[in-house]
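The block underneath contains the structure these notes are about, expressed in structure tokens.
As the structure is a computational prediction, the values presented were derived from the model and not from experiment.
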Amino acid sequence: MRKLFATASIAALALSLAACGGSGAGGGTDEGAGSGGSDEQKTVGVAMPEQTLQRWINDGKAVREGLEEAGYKVELQYAGNDIPTQQEQIDQMITKGVDVLILASIDGAALSTQLDAAEAANIPVIAYDRLLTGNKNVDFYVTFDNFNVGVQQGTSLLTALGIVDADGKETGEKGPFNIEMFAGSPDDNNAGFFFNGAMSVLKPHIDAGTLVVKSGQSEFGQVATQGWDQAKAQSRMDDLIAKSYQNDKIHGVLASNDALARGAITAMQNGGYDAASMPPVTGQDAEIASVKMINEGLQYSTIFKDTRKLAAQSVQAAKDLLEGKAPETNDTETYDNGVVTVPSFLLESDVVTKDNYSSLLIDSGYYTQANVDKGSVD
Ligand code: BGC
């Protein structure tokens, strides 16, 4: 109750500040610089969802560094995957009078009140990686080509099973191969893009009988994982093994990200699979724990989305918006948020396997080989 009241009163304060002509984009007013900064220096509010996944730690760090290098002050908050906490953090940023917001939401549909308050205070909003939905007050979206990430995941599973060759050509291999699928969180707009992208290449082979989903669970609603929670993926895989694979082997797993991949792998290890018998499992994010497992042959692939590039793109967009310019877009059609189609910049991603992790991740300075060997960046 207390928290609810606090949230409501902060939102009300934000609205009243806005009504009094509080700071907005390019305002440069006293309120605009947050606590105690110079009038000149603009502040960017950055909201990130959580810190259990290494990717969001990397994102936060890269965005902060990029913004600071560009001369801005940064108010960076992580919300522990708790929606009310994230709402409250953004309310506070608006109340403090940040000049731009960069928001990586937990639930893309849950920030409408905050988007309205930002609009009222004339603060531009950049959706970071995940689309903000159900509200017109989203100025820009920086992300990866999320449908293509799914296509890459599905294709990498087909490659691992020998159904397509290294050039993506069908080999004539008919299997049948038993596969199971683990999709992301239903409140994350990206999760459907990843799943649909993967299904666009897997479904024809399911229809042909080359791929068999023995559990019968092949709809997004059946395979989605609330909160992208690794433990939930593990326990769903425990169930699948118990119910559908007592006398049969799993030959492949589509996992929409590395956390889900590791959950599925742990369940399979507990179910008797070892490095030699582990089926190919896909992933996403090139998290160091998963890259180590790829090097050891436990996970087959991941998708590298270079968070340094995403951060740089969002910093550039923030700069442009603060200077009253429209940020560069390369997609103005895909991301309809239910109210408006949000102008977007989509970055490309790469499939990482044991064969190429060194050139993609080590040579580019993302990790060192020592990081990979340890499975940690510390
Ligand atoms: C991101 C993925 C990430 C997932 C879980 C998605 O929105 O695009 O990179 O693995 O959220 O945090």
Notebook entry, point to check: Are more than 12 heavy atoms from other residues, nucleotides or ligands located less than 6.0 Å from atom NZ of K374?
Noted result: yes
Checklist line | S277-D274 side chain donor-acceptor pair, cut-off 3.5 Å | finding: yes
Checklist line | Pairs touching residues 355-378 that satisfy ring pair (Phe, Tyr, Trp, His ring centres under 6.0 Å), sequence neighbours left out | finding: F304-Y366
Next item on the list: Output every pair passing side-chain hydrogen bond (donor to acceptor under 3.5 Å, both in side chains) with a member in residues 153-167, not counting sequence neighbours, ordered by first then second residue.
Entry: S156-S301
Checklist line | Contacts of type side-chain hydrogen bond (donor to acceptor under 3.5 Å, both in side chains), residue E219, not counting sequence neighbours | finding: none
Checklist line | Option passing side-chain contact (heavy atoms from CB on, under 4.5 Å) with T307 (candidates N58, I57, V63, D129) | finding: N58
Item checked: D350 and K305 ion-paired at < 4.0 Å -> no
Margin query: With a 3.5 Å distance limit and no angle check, can you tell me whether Q54 reaches the backbone of I288 through a side-chain donor-acceptor pair?
Written below: yes
Notebook entry, point to check: Can K292 and D373 be counted as an ion pair, charged N to O under 4.0 angstrom?
Noted result: no
Next item on the list: Would you please name every residue forming a side chain to side chain contact (heavy atoms under 4.5 Å, CB included) with P186, sequence neighbours left out?
Entry: F220, A224, Q226
Notebook entry, point to check: Can you name the closest pair of heavy atoms from I250 and Y273 and give their distance?
Noted result: N-OH, 3.0 Å
Checklist line | Where at least one partner belongs to residues 145-169, residue pairs that pass ring pair (Phe, Tyr, Trp, His ring centres under 6.0 Å), sequence neighbours excluded | finding: none
Notebook entry, point to check: What side-chain hydrogen bond (donor to acceptor under 3.5 Å, both in side chains) pairs are there with at least one residue in residues 234-244, not counting sequence neighbours?
Noted result: Q217-R236
Checklist line | Backbone N/O of A110 and side chain of Q87: donor-acceptor pair under 3.5 Å | finding: yes
Next item on the list: Sorted by first residue and then second, give each ring pair (Phe, Tyr, Trp, His ring centres under 6.0 Å) pair with at least one member in residues 94-144; sequence neighbours left out.
Entry: Y141-Y335
Checklist line | Closest heavy-atom pair and its distance - M199, S218 | finding: CE-O, 3.6 Å
Side-chain donor-acceptor pairs of residues 336-349 under 3.5 Å, sequence neighbours excluded:
from: D336; atom 1: OD1; to: G338; atom 2: N; distance (Å): 2.8
from: N337; atom 1: OD1; to: V339; atom 2: N; distance (Å): 2.9
from: N337; atom 1: OD1; to: V340; atom 2: N; distance (Å): 2.8
from: N337; atom 1: ND2; to: L132; atom 2: O; distance (Å): 3.0
from: N337; atom 1: ND2; to: N135; atom 2: O; distance (Å): 2.7
from: S344; atom 1: OG; to: V342; atom 2: O; distance (Å): 2.8
from: S349; atom 1: OG; to: Q152; atom 2: OE1; distance (Å): 2.6

Check: Between T334 and D331, does a side chain to side chain donor-acceptor pair (under 3.5 Å) hold up when you go through it step by step?
Finding: CA-CA 7 Å; T334 309; D331 187 308; 2.6 Å; yes
Next item on the list: Return the set of residues passing side-chain hydrogen bond (donor to acceptor under 3.5 Å, both in side chains) with E287 (not counting sequence neighbours), or none when no residue passes.
Entry: R262
Next item on the list: Provide the full list of ring pair (Phe, Tyr, Trp, His ring centres under 6.0 Å) pairs with a residue in residues 42-82, sequence neighbours left out, each pair given once.
Entry: none
Listing, residues 309-321 side-chain donor-acceptor contacts under 3.5 Å, not counting sequence neighbours, or none:
from: S314; atom 1: OG; to: A311; atom 2: O; distance (Å): 2.9
from: Q316; atom 1: NE2; to: D320; atom 2: OD1; distance (Å): 3.0

Check: In the hydrophobic clustering (ILVMFWY, side-chain contacts below 4.5 Å, transitive), which residues join I106, or is it alone?
Finding: I83
Next item on the list: Please answer whether the main-chain N or O of T43 pairs with a side-chain N or O of D99 as donor and acceptor at a distance below 3.5 Å.
Entry: yes
Next item on the list: Before giving the answer on side chain to side chain contact (heavy atoms under 4.5 Å, CB included), spell out for N148 and V151 the whole-Å C-alpha distance, their side-chain angles and the decisive distance to 0.1 Å.
Entry: CA-CA 5 Å; N148 193 49; V151 171; 3.9 Å; yes
